[in-house]
Q: 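Below you'll find the structure I mean.
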Amino acid sequence: MDKYHNHIAIIGAGISGLALGCILQEARIPVVIFEKSNEVSNYGAGISISPNGIKILKNLKIYQDVYEQSSNPKKAVYFSNKIKINSFDVDVITTSRKVLYKVLLKKYISYGGEILFDHKLSNLCINNSEVHFLNNASYKVKHIAACDGINSLCRNQVLSSGDPIYSGYSVWRSIVDKTQDNIETLLGPNYHIVTYPISSSKVSFVAAIKTNKEYIESWKMPGTLEELKADIPRSADEFLSFLDERSILYKWGVFTRPSVNKLCFDNLTLLGDAAHPIVPFIGQGGCLALEDAYAFGQLIVSSNEDLKNTQRAYEDLRLQRIHKIKSLSERQGRLNHIQNPILAMGRNMVIKYLPTIGMHSIKQVWNYDIDNALSKIKQ
């Protein structure tokens, strides 16, 4: 029970959990990661890392390893009714979650980090800093960092937010063998499709549909090409032409939860999707997870492990940004799926002739400097 009594226990070996583990282990702060699975799988999941996330990859000393296994597209091209609207210069890393997980795990292990697989959380006692697992293992720890994802058991223990609510969007994903240089987005009535390269030979495909057809909230739910084509209008067939019956497709419903106004509870802190599940329409879920982990980890190090002061500073630093990105993501979803043809034409005119207006908010998100924000909050 007392084996890890002086350790920070990280629940979940996802992006935020592994990144936090790297920071703490490098600083020689006792830490252990508990992961419910026994392997890392991609489940058809790509990820885009914008400049705010790239800065953190560099600070974690893993940028080059991720870069060499990923893509770095320089253009984002937008289409509507199969006609190109405009293109924009970008500087992002597009990769698979599997690559990012493995690079983070390798870095964590290289620091001597300990990770216990096959440890699915069953219960926790926050007041006593105890974690209990389905395999009957139990440990008393110094602090609990809840990085256990969108269906976080840790969050459910401290927040009574009710059942998740279907957002009105369902999403299809796949990773396919294909070469592509740019990020390509097709905007249509009640749907949009995004494809982007994640390596020299693979592309991530994502199709989001505004629909009353409520798929379950699971990254692991398989689907068929026939089902996908039934969800997407025939006018988009050209953007589906590289898919065939051999393509491994996944589908899931996007659900929303109330905005959080608190991230820290006694001996527990929420990070990543456990703290702020958001709709995936500006590609910031992974970057927010990296920001959370980096902020919390650096605050622990700089405070000499004063966890109460760390929690206060972390909450002050992160809440406003989390709320802003959640709002922008929801707004982008509405813009992407405009059904009214006149409003859609207006949106397309803005993208074509006034692109700085449309890109202003995104650039603000991308240009966020976590180190600068930390330096201000420490003063």
Q: Sequence neighbours excluded, which residues qualify as side chain to side chain contact (heavy atoms under 4.5 Å, CB included) partners of H323?
A: S259, N261, L319

Q: With sequence neighbours left out, what residues match S87 under side-chain hydrogen bond (donor to acceptor under 3.5 Å, both in side chains)?
A: none

Q: Measure the shortest side-chain to side-chain distance between K142 and L307 over non-hydrogen atoms and say whether it is less than 4.5 angstrom.
A: yes

Q: Quick one: does any side-chain atom of Q180 pair with a main-chain N or O of T195 as donor and acceptor, under 3.5 Å?
A: yes

Q: Quick test of your reading of the model: are D89 and K75 salt-bridged, counting only N-O distances below 4.0 Å?
A: yes

Q: Is the backbone N or O of T224 less than 3.5 Å from a side-chain atom of E227, with the two atoms forming a donor-acceptor pair by type?
A: yes

Q: Between the side chains of T310 and S303, does any donor sit under 3.5 Å from an acceptor?
A: yes

Q: Is the gap between the ring centers of F88 and Y78 under 6.0 Å?
A: yes

Q: Given the rule that I, L, V, M, F, W and Y join up when any side-chain heavy atoms are under 4.5 Å apart, are Y111 and L24 in one cluster?
A: no

Q: Tell me the side chain to side chain donor-acceptor pair (under 3.5 Å) pairs involving residues 273-291, sequence neighbours left out?
A: S50-Q284, N52-Q284, N52-E291, H276-D292, E291-R318, E291-R321

Q: Of the non-hydrogen atoms in Y166 and V254, which two are nearest, and what is the gap between them?
A: CD1-O, 3.6 Å

Q: Would you please indicate yes or no on a ring centroid separation below 6.0 angstrom for H192 and F239?
A: no

Q: Is the distance between the ring centroids of F34 and Y139 under 6.0 Å?
A: yes

Q: Using modelled atom types and a 3.5 Å cut-off, is there a donor and acceptor pairing between side-chain atoms of E214 and backbone atoms of G168?
A: no

Q: For residues V99 and S70, determine if any side-chain heavy atom of one lies less than 4.5 Å from a side-chain heavy atom of the other.
A: yes

Q: Backbone N or O of Y191 within a donor-acceptor pair of the Y169 side chain at under 3.5 Å?
A: no

Q: May I ask whether Y101 and I115 are part of the same hydrophobic cluster, defined by side-chain heavy atoms of I, L, V, M, F, W, Y residues being less than 4.5 angstrom apart, directly or through others?
A: yes

